[in-house]
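As structure tokens, the structure follows; a few thoughts come after it.
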There are 2 protein chains.
Amino acid sequence: MNPIGNLNKIFESRIRLGVMSVLMVNEEVSFNDLKQMLEVTDGNLASHLSTLEESAYIKVHKGFIGRKTNTTYSITKAGEKAFKGHLAALEAMIKFSS
Amino acid sequence: MNPIGNLNKIFESRIRLGVMSVLMVNEEVSFNDLKQMLEVTDGNLASHLSTLEESAYIKVHKGFIGRKTNTTYSITKAGEKAFKGHLAALEAMIKFSS
DNA sequence: CTTTTAACTTTGATGGACAAAGTGCTTTTC
DNA sequence: GAAAAGCACTTTGTCCATCAAAGTTAAAAG
């Protein structure tokens, strides 16, 4: 059967994949840290983040460090579930290919 | 470090990913079998196949079954290497996310 | 011969990725 | 306290990719 039938369309983008993967291991990550880890422009990152937010896979927290604004992102339950599902589909595909 | 830095751009498409994954386990696969396994339109499949061919990741054999034409596809050495590299990058990302 | 099948190519619409520039707010530096 | 810089975007515009649908060519089946 179809080895790619269970892949999630949202995670076809390498950047969104990267965001999710970072947020799986770090409870909260700032915009700037994501930007540096993934080596993308801020505009590009922002648009992928908003795609993920619209899918309810991540959520935003606008906080402060002292008096300075600090926006952080974290994964939602739904996001964790969806991402794990995607990883399982990838693993199945990898297993299929060996 | 960047968890997605080693992903191969060619394999960001689910269909190309599927083609490669099928060709990893089957020596030769016909156009029609690919089409059915991946559930895509023929035009769409053809264009992805030609992308993979231009990257020298797959090669085409135009043969016959009796007198009837039969086109099959197979993976190249370079394709196998590139795909394995991509799978390793995916696995690294998955490991990173857990 | 007409229809069907295979394996495409062409066409055209849609949408996504991306960089660059602009924005508003705040903080730091001189 | 004015200027510069940083943060977290939004807007704009370009380019490219995806995809379906229709057209094409050749061969085979009915």
Side-chain angles (χ1 to χ4, degrees), chain A residues 2-5 7-23 26 28-55 57-75 86, chain B residues 2-5 7-23 26 28-55 57-74 82 86:
Chain A
N2 190 339
I4 53 167
L7 295 177
N8 187 329
K9 197 129 210 283
I10 296 284
F11 303 135
E12 268 186 69
S13 146
R14 95 221 265 90
I15 296 176
R16 291 196 294 269
L17 209 52
V19 168
M20 294 302 284
S21 142
V22 168
L23 294 185
N26 302 98
E28 294 212 2
V29 183
S30 72
F31 185 89
N32 253 341
D33 285 349
L34 280 172
K35 186 177 142 187
Q36 275 156 28
M37 291 172 98
L38 302 175
E39 298 165 39
V40 280
T41 56
D42 52 356
N44 194 7
L45 177 59
S47 81
H48 284 294
L49 287 172
S50 87
T51 299
L52 288 171
E53 209 193 334
E54 279 159 30
S55 306
Y57 288 170
I58 65 172
K59 58 179 187 294
V60 189
H61 180 243
K62 283 166 194 296
F64 294 88
I65 293 183
R67 280 259 219 65
K68 200 172 166 185
T69 59
N70 186 56
T71 307
T72 61
Y73 296 85
S74 61
I75 201 165
H86 185 74
Chain B
N2 190 338
I4 54 166
L7 295 177
N8 187 330
K9 197 130 211 287
I10 295 285
F11 303 135
E12 269 187 67
S13 145
R14 97 223 259 93
I15 295 177
R16 292 195 294 269
L17 209 54
V19 168
M20 294 303 284
S21 141
V22 168
L23 294 184
N26 302 100
E28 296 210 2
V29 182
S30 72
F31 185 89
N32 251 341
D33 285 350
L34 280 173
K35 186 177 142 188
Q36 276 156 27
M37 291 172 98
L38 303 174
E39 298 166 39
V40 281
T41 57
D42 52 358
N44 193 9
L45 177 58
S47 80
H48 285 293
L49 287 172
S50 86
T51 299
L52 288 171
E53 209 193 335
E54 278 158 31
S55 308
Y57 288 170
I58 65 172
K59 57 182 190 294
V60 190
H61 305 270
K62 283 167 193 294
F64 293 88
I65 291 182
R67 280 259 218 62
K68 199 174 167 182
T69 59
N70 185 56
T71 307
T72 61
Y73 296 85
S74 61
H86 185 74

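Letters A, B, ... mirror the listed sequences (proteins, then strands); counts begin at 1. Remember, predicted model here, so these are calculated numbers, not experimental data.
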Starting from the 5' end of DNA chain D, give me the residue, Val60(A) or Glu12(A), whose nearest nucleotide shows up first. Val60(A)
Spacing of Asn70(A) atom CG relative to dC9(D) atom C1', expressed in whole Å: 14 Å
Could you check whether Ser74(B) and His61(B), counting side-chain N and O atoms only, form a donor-acceptor pair closer than 3.5 Å? yes
Quick one: does any side-chain atom of Arg16(A) pair with a main-chain N or O of Ile10(A) as donor and acceptor, under 3.5 Å? yes
Please give, in whole Å, the distance from dT5(C) C1' to Ile65(B) CD1? 13 Å
Any idea which heavy atoms bring Pro3(A) and Leu38(B) closest together, and the distance? CD-CD2, 4.0 Å
Here the distance between atom C1' of dA17(D) and atom NZ of Lys9(B), to the nearest Å, is 9 Å
For Phe64(B), which contact category applies under a 4.0 Å heavy-atom criterion: base, sugar-phosphate, or nothing? nothing
Does dG6(D) have OP1 or OP2 under 4.0 Å away from a side-chain N or O of Asn32(A)? no
Looking at dA17(C), I'd like to know if its phosphate oxygens (OP1 or OP2) sit under 4.0 Å from a side-chain N or O belonging to Arg14(A). no
Counting just side-chain N and O atoms, does Thr69(A) come under 4.0 Å of either OP1 or OP2 of dT26(C)? no
Value in whole Å for how far the P atom of dT18(D) lies from CZ of Phe11(B): 13 Å
At less than 4.0 Å, is any side-chain N or O atom of Lys62(A) found next to OP1 or OP2 of dC9(D)? Yes or no. yes
Consider only side-chain N and O atoms of Asn8(A) and Tyr57(A), and report whether a donor and an acceptor are under 3.5 Å apart. yes
Determine whether Ile4(A) and Asn2(A) make a side-chain contact, defined as any pair of heavy atoms from C-beta on separated by less than 4.5 Å. yes
Whole Å only: how far is the NE2 atom of His61(B) from the C1' atom of dA7(C)? 16 Å
Comparing Asp42(A) and Ser47(A) on DNA chain C - which has the more 5′ nearest nucleotide: Ser47(A)
N or O in side chain of Asn44(B) less than 4.0 angstrom from dT18(D) OP1/OP2: no
Over all strands shown, is Lys35(B) touching base, sugar-phosphate only, or nothing at heavy-atom distances under 4.0 angstrom? nothing
Any side-chain N or O of Arg16(B) less than 4.0 Å from the OP1 or OP2 oxygen of dA17(D)? no
note: Lys68(B), atom NZ; dG30(D), atom P; distance rounded to Å ~ 10 Å
By the 4.0 Å heavy-atom rule, please label Leu49(B) as base, sugar-phosphate, or nothing. nothing
Students often get this wrong, so: under 4.0 angstrom with heavy atoms, is Ser13(A) touching a base, only sugar-phosphate, or nothing? sugar-phosphate
Between P of dC9(D) and CD of Glu53(A), the distance in whole Å: 8 Å
Using whole Å, what does the distance between atom P of nucleotide dA7(C) and atom CD of Glu28(B) come to? 13 Å
Phosphate-side-chain proximity, His48(A) and dC18(C), N/O vs OP1/OP2 below 4.0 Å: yes
Should the pair Glu12(B)-Arg14(A) be classified as a salt bridge under the 4.0 Å nitrogen-to-oxygen rule? yes
